[in-house]
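Everything below concerns the one structure shown next.
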Amino acid sequence: PRVTYWYQQTGNGDSPETGDDLLVEYLNASEVWVELNRHLGSGPDMTEFEFVSIDLPHAAEHPGFRLRFNALSTESGELDSHFIDDVCVGGESDCPAPATCPWDCQATPNGTVDVSDFLAMLADWGAVGVPCDFDGGGVSVTDFLELLANFGACP
């Protein structure tokens, strides 16, 4: 099993300082919290979410498994912020890695955002939750503009 999530340091708050870390922890079978990952507060401010995927150690596999995100702070109050989204715990099919080129949205991606993706988008115009619905609000002009902005070879 693995844990996947997206995180963003700073978000809309104060920049975390050294020691204002974000910890990802799991509860082992002895009911002790064990650090799984740490995002350092001394790291750079982020304007985009970053995807993280971590394989769980064997010690995390027990009936009382729990996961927590723990924001450490060297100051009082609610100044620093870390955003966390789309947390998943499960196997690879439960928690897939994000597509490296989501704009290559045709049924069989070819590594390029091209006319085939535009045609796939037109075929799904207005549909929600389809590959060319990048913002989750239904295929629309917004998605079309995003497709155009990323036209060409995938990164």
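In terms of heavy atoms, Gly90 sits closest to Cys95 at N-SG, 3.5 Å. Listed here is the closest heavy atom pair of Cys132 and Asp117: SG-O, 4.1 Å. Nearest approach of Asp55 to Arg2, heavy atoms of both residues: OD1-CB, 3.8 Å. Across all their heavy atoms, Cys105 and Ala120 have their closest contact at O-CB, 4.3 Å. Residues Leu27 and His62 come closest through the heavy atom pair O-NE2, 2.6 Å.
Note on ring orientation: taking the six-membered ring where Trp is involved, the planes of Phe83 and Phe49 are parallel (angle under 30°, cut-offs 30° and 60°).
In this structure the side chain of Asp86 never reaches within 4.5 angstrom of the side chain of Thr4, judged on heavy atoms. Side chains of Val24 and Leu67 form a contact here, defined as non-hydrogen atoms less than 4.5 Å apart. A 4.5 Å side-chain heavy-atom check between Thr142 and Phe134 finds every atom pair outside the cut-off. Counting only heavy atoms from C-beta outward, the side chains of Val87 and Trp6 never approach each other to under 4.5 Å. Looking only at side-chain heavy atoms (C-beta outward), Phe151 and Thr112 stay at 4.5 Å or farther from each other. Between Leu23 and Asn37, the closest side-chain pair of non-hydrogen atoms is not below 4.5 Å. Side-chain atoms of Val113 and Leu148, non-hydrogen and from C-beta on, never get closer than 4.5 Å to each other. Under the 4.5 Å side-chain criterion, counting only non-hydrogen atoms from C-beta, Leu36 is in contact with Pro57.
By the criterion of side-chain heavy atoms lying less than 4.5 angstrom apart, applied directly or through intervening Ile, Leu, Val, Met, Phe, Trp or Tyr residues, Trp125 is not grouped with Val128; the two fall into different hydrophobic clusters. Note: the hydrophobic cluster containing Val32 does not contain Tyr26 (ILVMFWY, side chain heavy atoms under 4.5 Å, direct or indirect links).
The stretch residues 27-36 participates, sequence neighbours left out, in these side chain to side chain donor-acceptor pair (under 3.5 Å) pairs: Glu35-Arg38. Each salt bridge (Lys or Arg N to Asp or Glu O under 4.0 Å) pair with one or both residues in residues 121-144, not counting sequence neighbours, would appear here, but there are none.
Remark: the Glu146 side chain and the Trp103 side chain contain an N/O donor-acceptor pair separated by less than 3.5 Å.
Annotation: the span from Leu72 atom CG to Leu40 atom CG amounts to 10.5 Å, rounded to 0.5 Å.
Put simply, the side chain of Gln8 gets close to the backbone of Met46: a donor and an acceptor are under 3.5 Å apart. Judged purely by atom type and a 3.5 angstrom limit, His82 has no side-chain atom pairing as donor or acceptor with the backbone of Asp21. Under the 3.5 Å distance criterion, the side-chain polar atoms of Gln9 are matched with a main-chain donor or acceptor of Gly43.
Annotation: Tyr7 is not in aromatic contact with Phe51 [ring centroid separation under 6.0 Å not met].
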